[in-house]
Each structure stands twice: as structure tokens, then as C-alpha cells.
Trainee: 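Shown below is the structure under consideration.
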Amino acid sequence: MKIAVVGATGLVGRKIINLCEEYFESDVQYSLYASSKSAGSELTINNRNIVVQELNEKNILNFDLVLFSAGGERAQLYAKSFVDKGAFVIDNSSAFRMLDDVPLVVYGVNEEAITKSTKLISNPNCTTMGLVMSLKPLHDAFVLKSITPTSYQAVSGSGTRAVESLEKELTLSDNLLSDYSEGFYGQPVAKNVIPVAGNLLENGYSDEEMKFVNESRKILSMKNLIVEPSNARVGVKTGHGTFCSAVFENQVDVGSAINLLSQFDGVEYWSDKLATPLDAEGQNNVLVSRLRQGLSSNKILNFWVVSDNLLKGAALNAVQIAKHVSTL
Ligand SMILES: NC(=O)c1ccc[n+]([C@@H]2O[C@H](COP(=O)([O-])OP(=O)(O)OC[C@H]3O[C@@H](n4cnc5c(N)ncnc54)[C@H](OP(=O)(O)O)[C@@H]3O)[C@@H](O)[C@H]2O)c1
């Protein structure tokens with residue numbers, strides 16, 4: 001089997017490489033792509049050094065699977081060329097997520113959306129993915145009506161440059177003041193909370209908030225799901241957390257909800273300790289805690305969910321899909 005990792009040198013690409021070693025046989029042939037800046041550098045897979053190639057039209061060969069994590073612009077330019085050469089492409093960007101003929105898949109929730117004729121699959125937004133993992137077992141039992149998710153998003157969700165910027169801000173210690181504008185977000189994120197994640201749109205919501213709306217509906221096949229989203233960027237390196245208030249058609253039961261979450265593959269319910277981003281970092285599972293019944297209605301559940309945005313939010317889901325596709 002031949003696998004290409006596009007954006008191999010990035011935060012997500014490096015995790016994909018580690019997970020491929022775990023999920024696929026060691027005789028897989030890998031090709032690695034990144035920008036011209038990284039061309040010629042080497043990364044190690046299964047103890048073999050592989051030279052990173054520049055992504056351009058001339059370098060595109062035929063592969064069985066392509067895991068693409070190089071941003072929407074590159075995906076728009078090149079993903080279809082890989083497909084045309086016969087590959088299944090799994091893209092981490094938002095470029096194709098809302099296209100009707102492209103499945104948007106959270107492995108464990110809706111992988112049945114992939115068929116043998118599927119050639120291009122979108123990996124959902126990292127925050128939405130963690131949230132949907134926790135909503136799925138609750139929806140199956142109580143039937144979702146509306147959700148109000150408020151996320152606290154880590155800087156690694158914005159890529160390598162944002163992490164470097166956070167690290168620099170942390171070195172400034174008490175000299176980091178609110179008027180600091182040289183960092184990735186234009187205002188300090190270290191030791192801080194910026195009350196928006198993503199770019200603001202004309203409707204006053206950010207593009208990240210609208211991903212909660214549109215992607216949750218598509219993944220759960222609920223075009224009428226009511227979603228009232230808010231996102232913040234916080235001075236956390238890795239691990240997106242979300243408080244969610246979920247309203248259901250049916251009466252809920254906290255004990256049953258906790259059991260359902262605990263039994264759902266890929267989710268853990270933490271009752272003895274409050275799950276934080278630091279707990280989630282490096283974990284494949286999505287962690288849920290603080291589940292309570294609503295104060296105003298017995299059809300409401302309020303809870304906290306946190307997951308590693310680079311794993312179940314990106315690389316892990318992509319590799320799980322790749323493994324699934326390889327068995328079709
Ligand atoms: N970080 C997350 O939590 C997360 C979650 C879900 C989805 N995603 C998506 O995953 C993708 C990658 O994110 P990331 O966090 O890994 O970003 P990153 O750390 O900034 O890495 C970006 C990757 O894209 C490559 N790249 C940049 N320009 C390129 C070009 N012109 N041609 C070829 N390759 C190019 C980079 O190569 P060089 O090193 O050579 O520049 C690097 O390998 C993005 O689409 C992002 O939206 C990220």
C-alpha cells in the first residue's frame with residue numbers, strides 16, 4: 001500500500017505519521033509533502049528516513065491513501081489531482097466540508113457515510129469533532145433538539161506559528177501587557193482569554209462558530225438542529241474544551257447519560273477528577289465531566305467536554321478513517 005502525507009511537517013502531519021506507524025503495517029510505502037521551505041528535510045517513519053518533497057502538480061503520483069493537512073488553499077489546488085490519480089483523499093481543512101458529495105466524517109459517529117465510490121472525505125473541525133463524539137450517544141437515547149456550545153480553544157488549533165507565538169509570549173512573563181500586538185492573534189493569548197476564535201463574519205459570529213452550526217448538523221444528519229455557538233481562544237497549548245447545554249425531545253436521566261457516555265467507544269466520563277486540556281493532551285479519547293441536569297427543565301443536560309485537537313480533532317480521526325477506507 002502507498003500512503004502520502006501532505007503537510008507532513010505540520011502539527012497535524014507529524015501526529016498523522018506517528019499514528020500511521022501504529023495503525024498500518026510496516027511495509028507501507030510513504031511519501032511526504034510540504035512546502036518548498038521543508039523540501040529536502042527528512043522525517044522518520046518505521047525507522048526509515050523519508051525525504052520531504054515540495055507539493056506541486058509535477059510531484060503528484062498515484063497513492064492508495066492521501067492524508068492532507070496543508071490548509072484549505074492547498075487542498076483546493078491539489079486534493080482533486082490526487083483523487084484523479086486514484087487515491088482516497090482525507091482532507092483536514094474546511095475546503096470541502098460542506099459539499100453535498102463529500103462525506104464529513106467523525107469515525108465512531110457516521111463512518112457509514114463513506115461508500116466504496118467515495119474518493120474525497122473531509123475531516124471535521126476539531127472542536128466540533130470532540131463535541132459530536134459526546135452528543136452522539138446522548139442524541140441516540142434522548143433525541144437532540146438544540147445545543148448551546150461555548151468552546152475554549154487551544155492555540156495549537158491554529159498551527160505551528162501560533163504555538164511558537166504562545167511560547168514567545170510566555171517568556172515575556174510580567175512584561176506581557178494587554179497592548180502587546182506582535183503575537184499570532186494580534187493581542188496576547190498567553191495568560192489570557194480572547195473572546196473569539198477564528199475570523200468574524202458579517203453576522204457577528206466567527207467562521208469557527210459557524211462550523212459548530214453547519215458541521216454538527218451535517219455529521220448528525222440533523223439539518224434543523226438549533227445551535228447557539230460561542231468560541232473563545234485561550235492561552236492553552238493543546239486541548240479544546242467546550243461547555244455544552246443540550247436540550248432534548250425527551251426527559252433525560254443523568255445516571256443513564258453517564259453510562260451511555262462511558263460505554264461509547266472513544267469517550268470517557270470522568271467523575272472523580274475534572275478533565276482539563278492538560279489531561280486531554282496526548283489522549284485518543286474525548287473526556288467528559290461535570291454532567292448535570294438543567295436547572296429549568298428535565299430535558300436539558302449541561303456538561304464539559306475536552307479533547308486533544310491534534311488527535312481526535314484532526315490526526316487520529318483522519319487515520320481512523322484511512323484505516324476504515326483501507327478495509328472497504
Ligand atoms: N491544528 C489543529 O488542531 C487542526 C485541527 C483540525 C484541522 N486542522 C487543519 O489541518 C491543517 C494543518 O494544520 P496544522 O495545525 O498542522 O498547521 P501547521 O502546523 O501550520 O502545518 C501546516 C503544514 O502545511 C504545509 N504547507 C504550508 N504551505 C504549504 C504549501 N504551499 N505547499 C505545501 N505544503 C504547505 C506546511 O509545510 P512547511 O512546514 O513546509 O511550511 C506544514 O506541513 C490545516 O488545514 C488546519 O486547518 C488543524
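Reckoned from all heavy atoms, side chains included, excluding hydrogens, waters and symmetry mates. Atoms within each ligand, like the ligands themselves, are counted from 1 in listed order.
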Trainee: Between Arg48 and Thr44, is there a donor-acceptor pair closer than 3.5 Å when you use the side chain of the first and the backbone of the second?
Mentor: no
Trainee: Around atom 44 (C) of ligand 1, find the nearest protein heavy atom and jot down its residue, atom name and distance.
Mentor: Gly71 N, 3.7 Å
Trainee: As an exercise, state the distance from CG of Asp179 to CD of Gln187, rounded to the nearest 0.5 Å.
Mentor: 11.0 Å
Trainee: Identify, for atom 48 (C) of ligand 1, the protein heavy atom at the shortest distance, and state residue, atom and that distance.
Mentor: Val12 CG2, 3.6 Å
Trainee: Given Ser69, Gly13, Ala34, identify the one with the heavy atom nearest to atom 23 (C) of ligand 1.
Mentor: Ser69
Trainee: How far is atom 19 (O) of ligand 1 from its nearest protein heavy atom, and which residue and atom is that?
Mentor: Thr160 OG1, 2.4 Å
Trainee: Can you sort out which atoms of ligand 1 are near Ser38, meaning under 4.0 Å from one of its heavy atoms?
Mentor: 38 (P), 39 (O), 40 (O)
Trainee: If we ignore hydrogens and angles and just use 3.5 Å, is the side chain of Ser165 paired with the main-chain N or O of Arg161 as donor and acceptor?
Mentor: no
Trainee: What atoms of ligand 1 come closer than 4.0 angstrom to any heavy atom of Gly313?
Mentor: 5 (C), 6 (C)
Trainee: Using a 3.5 Å cut-off on N or O atoms only, is His240 in polar contact with ligand 1?
Mentor: no
Trainee: One pair to check against side-chain contact (heavy atoms from CB on, under 4.5 Å): His240 and Ser151. What are the steps and the verdict?
Mentor: CA-CA 7 Å; His240 291 343; Ser151 70; 6.0 Å; no
Trainee: Is a donor on one side and an acceptor on the other found under 3.5 Å between the side chain of Lys218 and the backbone of Leu99?
Mentor: yes
Trainee: Which atoms of ligand 1 have any heavy atom of Ser93 under 4.0 Å away?
Mentor: 45 (O)
Trainee: Does the pair Val234 and Val189 meet the rule for a side-chain contact (heavy atoms from CB on, under 4.5 Å), with working shown?
Mentor: CA-CA 6 Å; Val234 295; Val189 73; 5.8 Å; no
Trainee: What atoms in ligand 1 come closer than 4.0 Å to a heavy atom of Ser156?
Mentor: 1 (N), 2 (C), 3 (O)
Trainee: Note the single closest protein heavy atom to atom 24 (O) of ligand 1, along with its residue, its atom name and the distance in Å.
Mentor: Ala70 CA, 3.4 Å
Trainee: Closer than 3.5 angstrom, by distance alone: can the side chain of Asn110 be matched with the main-chain N or O of Leu104 as a donor-acceptor pair?
Mentor: yes
Trainee: How far is atom 15 (O) of ligand 1 from its nearest protein heavy atom, and which residue and atom name does that atom have?
Mentor: Gly159 CA, 3.3 Å
Trainee: For ligand 1, which atoms sit closer than 4.0 Å to a heavy atom of Leu55?
Mentor: 33 (C)
Trainee: Examine Cys126 against ligand 1 and note whether any of their N/O atoms are separated by less than 3.5 Å.
Mentor: no
Trainee: Rounded at 0.5 Å granularity, tell me how far CD in Glu228 sits from OG1 in Thr150.
Mentor: 10.0 Å
Trainee: Which ligand 1 atoms does Ala314 reach within 4.0 Å, using its non-hydrogen atoms?
Mentor: 5 (C), 6 (C)
Trainee: By number and element, which atoms of ligand 1 are closer than 4.0 Å to a non-hydrogen atom of Arg74?
Mentor: 27 (C), 28 (N), 29 (C), 30 (C), 31 (N), 32 (N)
Trainee: Is Ser158 in polar range of ligand 1, meaning some N or O pair under 3.5 Å apart?
Mentor: no
Trainee: Return yes or no for this condition: an N or O of Gly10 is under 3.5 Å from an N or O of ligand 1.
Mentor: yes
Trainee: In the protein, which heavy atom is nearest to atom 39 (O) of ligand 1, and how far is it?
Mentor: Thr9 OG1, 2.6 Å
Trainee: Charged N to carboxylate O below 4.0 Å: is that the case for Lys299 and Glu249?
Mentor: no
Trainee: Backbone N or O of Gly282 within a donor-acceptor pair of the Asp308 side chain at under 3.5 Å?
Mentor: yes
Trainee: For ligand 1, is there an N or O atom under 3.5 Å from any N or O atom of Asn309?
Mentor: yes
Trainee: Would you check the N or O atoms of Leu11, main chain and side chain alike, for any that come under 3.5 Å of an N or O of ligand 1?
Mentor: yes
Trainee: Without swapping roles, check the side chain of Asn214 against the backbone of Lys211 for a donor-acceptor pair under 3.5 Å.
Mentor: no
Trainee: If you measure every N/O of Leu310 against every N/O of ligand 1, is any gap under 3.5 Å?
Mentor: no
Trainee: Does any N or O in the side chain of Ser206 come within less than 3.5 Å of the main-chain N or O of Ala197, such that one atom is a donor and the other an acceptor?
Mentor: yes
Trainee: With under 30° as parallel and over 60° as perpendicular, where do the rings of Phe82 and Phe63 fit, or are they tilted in between?
Mentor: tilted
Trainee: If you have a sec, work out which protein heavy atom is nearest atom 10 (O) of ligand 1 and how many Å separate them, to one decimal?
Mentor: Asn92 CB, 3.6 Å
